[in-house]
Q: 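If you scroll down you'll find the structure; I have some questions about it.
Quick caveat: nothing in here was measured; it's all calculated off a predicted structure.
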Amino acid sequence: MPELPGLKPGGIAARARAAIAPAGPQASYLAGLNPEQREAVETLDGPLLVLAGAGTGKTRVLTARVAHILASGRAFPSQILVVTFTNKAAREMKDRIHGMVGDQIEGMPWLGTFHSIGVRILRRHHELVGLKSGFTILDTDDQIRLLKQLLAAENIDEKRWPARLLASTIDGWKNRGLSPKDVPPGEGAVFANGKGGMLYAAYQDRLKALNAVDFGDLLLEGIRLFRENPDVLAEYHRRFKYLLVDEYQDTNVAQYLWLRLLAQGSKNVCCVGDDDQSIYGWRGAEVDNILRFESDFPGAKVIRLERNYRSTGHILASAAHLIAHNEGRLGKTLFSEGDEGERVSVTGAWDSGEEARAVGEEIEALQRAGHRLSEIAILVRASFQMREFEDRFVTLGMPYRVIGGPRFYERAEIRDALAYLRCVNSTADDLAFERIVNVPKRGIGDATVKQIHDVARAAGVPLQEAARVLTESEELKPKVRGTLRGLIQAFERWREQARVMSHTEIAEIVLDESGYTEMWQKDRSAEAAGRLENLKELVRSMEPFENLSGFLEHISLVMDVDNGAGEDAVQVMTLHSAKGLEFDTVFLPGWEEGLFPHQRALDDQGKAGLEEERRLAYVGITRARASARIWFASNRRIHGMWNSTVPSRFLDELPDAHVQVEESRGGMGWGGSSYGGGGSYGQSRFDRAEPFAASSYSTPGWQRAQTQRGRTDSGGSGGGRGGFSERGGRYDAGASARRGPMVIEGTLVASSSAPSSAFKRGERVFHIKFGYGEITGIDGNKLTVQFDKAGEKRVVDTFVEKA
DNA sequence: TCCCTTTCACTTTTT
DNA sequence: GTGAAAGGGA
């Protein structure tokens, strides 16, 4: 299409579309929508809540709605506000709208994350909230260093009151939309014997002095801006004719307040979300926001999307039955029109190692059957679980990819490199200067840094300037003085060069001449090569930007690199990072009490915590299109200690009719299941499962476990060959002859396989978790023990030893 | 100032 | 068991 000079592409596009293709049955973006989706797209006036269950085409509705608004000529692209949580979601949305509406719409200016739109607004009105232009955005690392300084200045023991804790406390306040003066005195007093509120205020002052904001401020200051300047708010009211919010169940109070202020204008606010997928309560998300929508926005219409296009019947029914155990929900019932598919499988393993082995074998079988590895995912509750799977995949030579983990820009080398660039970009970036002044080590230690600080404070100048002044005085030792002067001069030189060179060239020069690259080249550790690679990647990622400051501006908010997507590899990630994704086959390992639901969630949040864990389980199951395979292990090492575990209560909440309880081909699933408070899980069908209770020790799995244990040093590498073939013959042979105590890494795990227990009533025993106790009852291999500390528990005899 | 030893925690994570 | 961070000694 030829360019039309002087005309705004967006405006033309919208009008042209409206003229050529008026919104009607024939509009292409409406094609293929079901009636509910279509209603959600076409209900343009007034507040609308779209409750979109998992796999019901939520993104499709959002993008079609934008297309519809544009095509019907109701608004220009610049008059639509679309907010998402992650950059990834924003990018996807942009791409899809682009695909629907076409080239003419040059990206919608107000489509982005809460934070990126927040910055955009603050940059336009910075003077109204007391910021200078070009303010910097601090990330968590900067925040913590700043808070450490504040704590030190207040003589607060950092051991007792860690900066991290203060940071998350302040974050929590900001998430709830509280500025220092709004913090309830009682709450402010919680930290450091009453100094919490004061520290928060001091922190905000420091931020202002540094001309910086943190992530929370991007919204909080926006709220303040709107409240204190009605004329500014009115301007945005006029501007935004339509507001759309993705993942509304994840909004926190600050985001809610921010949004509500903006929505007072046109009232055409459409929020899309799923209360059953709210899994971010721990970082301030308020499910309440979505539950309250109808009362918050009077006259709101609610549309439910319940037709699921992703999963088979059994999977959907299992997920639905599970989530029905939650009380705080709006209630939806997903249904699918596809076939029932295969049942959700539940399998027990002896321990986490066997769990990983068995899952690895199943994946190999799937691979042989022609499944693509990238359509297989392992979703874990906690990242430490990934390790065993990774180890396994390495020995199997199975390609895998870990999603999530430390983000690219959070890596030390990237942050160091960025700090150098920030110093080149601005002489006033004190935090960046402090970070790299002695990286690589050049003999400028704490003592010198403190001196620089003193000069800076006294003269009211930034650290770089103070350092320059200091090198001109006689106060430093000659050696230090020389190095510091060299560094300052280097920065001046780089700044000069930055004017004439491209920013990527400058970056390379800076990293090279500062000795930073050399530092890693000399480093003998295993990660050094990867770090150098990351530095190269950083420079590469700068290319699309116009200049250094443009790059730095974006990097604080948006920085994720493609980590080799598209290659055929098993996807390993946490349940949290799986939200929004889908796979043909999903493995869900580690469904054990204490791990999932996580003990900490139960301890800290009680019932609310349990319900959030349950939602997490729901998210996990609904990621699967065709096959969901749940696992639990009877023994897991927690904090370096082997613990026997109890199958997760969520397993009992799955509907029998849709679940296939598998006998692990490795056997041994149900070994020791009696940990876990109260007897309420004693009734679990997984406790009663017969094949294992009486005859555990003659199953192939047990023998295999023993054999593997016996080959002490072969653990990992010995299992390299696929497992199925080894199973049948080898481990069965002579199995029943194996008797006697079994010691694993110094812990007595099993002492007897005799059908009648070797224990007697009244005998004193020791349990690794519960300590000492006295046997009060014997039932097969299960003992009832009155523990001195832990009270009465039912335990399998293999987990206690005679005291 | 640096390096080594001790100590501590250990759920989830975006911006 | 493991890794990161902090403190103390060289």
Q: In terms of the angle between their ring planes, are A:Trp173 and A:Tyr200 parallel, tilted or perpendicular, with boundaries placed at 30° and 60°?
A: parallel

Q: Would you mind building the protein contact string for nucleotides 1-14 of chain B? One character per nucleotide, 5' to 3', B for base within reach (heavy atoms under 4.0 Å), S for sugar-phosphate only, - for untouched.
A: SS-------BBBBB

Q: In whole Å, what separates the C1' atom of C:dA6 from that of B:dT11?
A: 24 Å

Q: Please name all residues satisfying ring pair (Phe, Tyr, Trp, His ring centres under 6.0 Å) with A:Phe135, sequence neighbours left out, ordered by chain then number.
A: none

Q: Excluding sequence neighbours, so at least two apart, what forms salt bridge (charged side-chain N to carboxylate O under 4.0 Å, His left out) with A:Asp171?
A: none

Q: Do A:Leu166 and A:Leu151 have side chains that get closer than 4.5 Å, going by heavy atoms?
A: yes

Q: When the C1' atoms of B:dT14 and C:dG3 are considered, how many whole Å apart are they?
A: 24 Å

Q: Only counting residues at least two apart or in another chain, list the ones meeting salt bridge (charged side-chain N to carboxylate O under 4.0 Å, His left out) with A:Glu612.
A: A:Arg615

Q: Under 30°, 30 to 60°, or over 60°: which ring-plane class applies to A:Phe393 and A:Phe389, parallel, tilted or perpendicular?
A: tilted

Q: Is A:Arg636 close enough and on-axis enough to A:Trp642, meaning under 6.0 Å and within 45°, for cation-pi?
A: no

Q: Taking salt bridge (charged side-chain N to carboxylate O under 4.0 Å, His left out) as the definition, give me every residue that meets it alongside A:Asp391, ordered by chain and number, with sequence neighbours left out.
A: none

Q: Taking any heavy-atom pair under 4.0 Å as a contact, classify A:Lys479: base, sugar-phosphate, or nothing.
A: nothing

Q: Once you round it to whole Å, what is the distance between P of C:dG1 and CD of A:Glu388?
A: 13 Å

Q: CG of A:Leu138 versus C1' of B:dT15: gap in Å, rounded?
A: 13 Å

Q: Under a 3.5 Å cut-off on both pairing distances, which runs of 3 or more consecutive Watson-Crick or G-U pairs involve DNA chain B?
A: B:1-10 with C:1-10

